[in-house]
Amino acid sequence: MTVHFQQLPHPGIQSLVPYKPGKSIEELAREKGINDQNIIKLASNENPLGCSPLALAALKEMSSHTLATYPSPLNHPLIPKLAHKLEINTDQLFVSNGSDYIYTILLNCFALHNDKHIITHEYAFSTYAIQANTLNIPVHTIEVDANWHVNVDKLIQACTPKTAIIFLANPNNPTGILVSQREIKRLLENIPESTLLVIDEAYYEYAASQLNENSIDWLAHHPNLVITRTFSKIYGLAGVRLGYAMAHPSIIELMRRIQLPFTVNQVALTTAHAALDDDQFIQLSLRTNAEGMLQMKEGLNQLDINYLPSACNFLTIDCKEDGMSLYNYLLDRGIIVRPLHPYKMNNYLRVTVGTKEQNSRFLDTLGNYQSLLTIR
C-alpha cells in the first residue's frame with residue numbers, strides 16, 4: 001500500500017506556501033561561482049554595519065562552562081536590564097527565539113481550538129498567515145487603501161468576538177508604511193477587549209523619530225495590547241535569534257507557561273545583554289541608515305524610479321514590470337535584493353539600505369540595467 005503523506009496533514013498545511021527567506025551570500029556564491037567577497041546582500045534588512053561591537057566582545061568572552069549549560073532566561077540579567085530600559089516591569093516582558101516564535105505562542109494560547117480566527121491585511125508580513133495556516137486557524141485579510149495604507153475602519157468592521165488576534169506590523173514589512181499612532185489608538189478603542197492587538201515593531205528604532213508617542217505607554221490602559229520588538233535589526237543580532245514581547249502580566253504568564261524551557265539560547269542572552277549598553281553603535285546605525293536612505297532616494301529619483309515611502313531600513317521600488325528580470329540581473333552582478341512575488345507585488349523589489357559603498361554599487365548597477373533597456 002502506498003501512503004500519500006502529503007494528504008495526511010490538515011488542509012492548512014496541505015495548502016501552505018512556506019516563508020522563503022532572502023537568498024544568502026553563500027547560496028549565490030555557489031550558484032553563480034562568484035567570490036563571496038564580491039557579493040552584497042540587500043535582501044533581508046540586516047544591519048549593514050554588522051552587530052554591536054559590545055555584543056561581539058561578550059560573545060568572545062563566553063566561557064566553555066556557559067556554553068555547556070542550559071539557558072535560564074528568567075534568571076538571566078538580561079530580563080531586568082531590558083525591562084528597566086523599556087520602563088516596564090519584568091512580569092510584562094517575554095523573550096523568545098525571534099519574534100516569529102512569539103506569534104506561534106500567541107496563536108496557540110488564544111486562537112487554537114477556540115473556533116476563532118485572526119485578522120491581518122494585504123501586504124502584511126507573511127509569517128502571521130503562514131503560522132495561522134500551520135495551525136489551521138482561519139485568516140481574514142483586509143484590503144489596504146490605494147496608497148498602501150492600512151484602513152483601520154475596515155479592521156474595526158471586520159473584528160468580531162470571534163477574532164482572537166489582529167496582527168499589525170508598524171511600520172510594515174515589506175511596504176515600509178507607518179500607521180499613525182492616532183489610528184492605532186482608535187483601533188484599540190473599537191475592538192472587543194477579548195481580541196488581542198499585536199503590534200509588530202521590528203523596525204521600531206528606525207521609525208521612532210517619526211512617532212510622537214511610545215506604544216509601550218498604552219499598555220496600562222489596554223490589557224489586550226501586545227507589542228513585539230527584536231534584536232535582529234538595529235542591534236545586528238539576527239543570527240542569534242532574540243525577540244521580545246511586552247504585554248499585560250496575565251498574557252505574559254500564559255506565554256511563559258507554554259514556551260519550551262530552553263527556547264532562548266545562551267549566546268542570544270549574552271550578546272543581547274551586552275548590546276543594550278551599546279548606544280554608540282545604535283546611533284551610528286541610525287545615522288548610517290538616515291544618510292543611506294537619502295542617498296538611495298536621490299539616486300532613485302535621478303533614475304526616475306518610484307518607491308514606496310518607508311519608515312524602515314529598506315525601500316520598496318516599483319520596476320513598472322515584473323521585477324524578476326532586474327532581480328536576476330542584479331544577482332548575476334553579485335547584488336542580492338528581495339523579489340516580492342510571495343506578496344503578489346510582482347512589479348516590486350525590496351532593497352535594504354546599506355553602507356554608502358553598497359548603495360552606490362546598487363544604484364550604478366540599476367542605472368546600467370536601465371541603459372540596457374533603452375538600447376533594446
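For this chain, numbers begin at 1 and follow the sequence in order.
With hydrogens and angles left out, the side-chain atoms of Ser371 and Asn368 include no donor and acceptor closer than 3.5 Å. If you check the side chains of Asp145 and Asn151, you find a donor sitting under 3.5 Å from an acceptor. No hydrogens or angles considered: nothing links the side chains of Ser63 and His65 as a donor-acceptor pair under 3.5 Å. The closest side-chain donor-acceptor pair between Ser215 and Glu201 falls under 3.5 angstrom. Checked by atom type, the side-chain pair Arg338/Ser44 shows no donor-acceptor distance below 3.5 Å. Using a 3.5 Å distance cut-off with no hydrogens or angles, the side chains of Trp218 and Glu213 do pair a donor with an acceptor. Looking at Thr263 and Asn97, their side chains never bring a donor and an acceptor atom within 3.5 Å of each other.
Annotation for Gln280: atom CD does not count as buried by contact number, only 12 or fewer foreign heavy atoms lying within 6.0 Å. Other residues, nucleotides and ligands place no more than 12 heavy atoms under 6.0 Å from the CG atom of Asp304. For CD of Glu143, the number of neighbouring non-hydrogen atoms (other residues, nucleotides, ligands) closer than 6.0 Å is 12 at most.
Remark: side-chain polar atoms of Asn170 are paired, donor with acceptor, to backbone N or O of Val179 under 3.5 angstrom. No side-chain donor-acceptor contact under 3.5 Å links Gln259 to the backbone of Ser96. Remark: the backbone N or O of Met62 is not paired with any side-chain donor or acceptor of Thr66 at under 3.5 angstrom. In this structure, the side chain of His10 engages the main chain of Gly12 through a donor-acceptor pair within 3.5 Å. With hydrogens and angles ignored, the 3.5 Å screen pairs no side-chain donor or acceptor of Asn347 with any backbone N or O of Asp318. For His222 (side chain) and Asn224 (main-chain N/O), no donor-acceptor pair under 3.5 Å exists by modelled atom type. Judged by distance alone, with hydrogens and angles left aside, the side-chain atoms of Asn214 form a donor-acceptor pair with the main-chain N or O of Ile216 at under 3.5 Å. A donor-acceptor contact shorter than 3.5 Å is absent between the side chain of Gln358 and the backbone of Ile40. With Asn133 contributing its side chain and Asn136 its backbone, the two residues share no donor-acceptor pair below 3.5 Å. With hydrogens and angles disregarded, no donor-acceptor distance shorter than 3.5 Å links the side chain of Thr271 to the backbone of Ala55.
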**OP:** Quick one: do Glu189 and Arg186 satisfy salt bridge (charged side-chain N to carboxylate O under 4.0 Å, His left out)? Show the steps, please.
**Re:** CA-CA 5 Å; Glu189 291 165 358; Arg186 187 164 70 84; over 6 Å; no
Original post:
Can Arg256 and Leu74 be said to form a side chain to side chain contact (heavy atoms under 4.5 Å, CB included), step by step?
Top reply: CA-CA 10 Å; Arg256 289 177 179 174; Leu74 291 179; 3.6 Å; yes
Subject >> Intermediate values then yes/no, side chain to side chain contact (heavy atoms under 4.5 Å, CB included), Ile118 and Leu107 >> reply: CA-CA 9 Å; Ile118 69 162; Leu107 288 166; 3.6 Å; yes
Subject >> Verdict with supporting geometry, Glu31 and Lys23, salt bridge (charged side-chain N to carboxylate O under 4.0 Å, His left out) >> reply: CA-CA 11 Å; Glu31 289 178 354; Lys23 189 181 292 290; 3.1 Å; yes
Subject >> Verdict with supporting geometry, Arg257 and Glu253, salt bridge (charged side-chain N to carboxylate O under 4.0 Å, His left out) >> reply: CA-CA 6 Å; Arg257 187 184 300 179; Glu253 194 278 329; 2.7 Å; yes
**OP:** Verify ring-ring contact (aromatic ring centres under 6.0 Å, His included) between Phe314 and Tyr203, making sure each step is shown before the conclusion.
**Re:** CA-CA 10 Å; Phe314 63 81; Tyr203 298 92; 5.5 Å; yes
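When ring centroids are compared, Phe231 and Tyr244 come within the 6.0 Å threshold. Between Tyr123 and Tyr343, the gap from one ring centroid to the other reaches at least 6.0 Å.
When all heavy atoms are compared, the tightest approach of Asp36 to Ile25 is CB-CG2, 3.6 Å. Nearest heavy-atom pair, Leu219 versus Ala247, reported as atom, atom and distance to 0.1 Å: CD2-CA, 4.0 Å. The shortest non-hydrogen separation linking Leu54 to Asp278 is N-OD2, 3.2 Å. A pairwise comparison of heavy atoms in His117 and Thr160 identifies CE1-OG1, 3.7 Å as the closest pair. Counting all heavy atoms, side chain and backbone alike, Ile184 lies closest to Ile199 at CG2-CD1, 3.7 Å. Here the closest heavy-atom approach between residue Lys233 and residue Ala202 is recorded as CG-O, 3.5 Å.
Residues meeting the side-chain hydrogen bond (donor to acceptor under 3.5 Å, both in side chains) test with Asp115, sequence neighbours left out: Lys162. Partners of Lys356 by salt bridge (charged side-chain N to carboxylate O under 4.0 Å, His left out), not counting sequence neighbours: none found. In terms of the salt bridge (charged side-chain N to carboxylate O under 4.0 Å, His left out) criterion, residue partners of Glu46 (sequence neighbours excluded) are, by chain and number, Lys41.
Residues Glu205 and Arg229 are not paired through a salt bridge, judged by the lack of any N-O separation under 4.0 Å between the basic side chain and the carboxylate.
Geometrically, Arg350 does not engage Tyr348 in a cation-pi contact defined by less than 6.0 Å to the ring centre and at most 45° from the axis.
In this pair, Tyr103 and Phe167 present their aromatic rings perpendicular. The plane angle is above 60°, beyond the 30 to 60° band.
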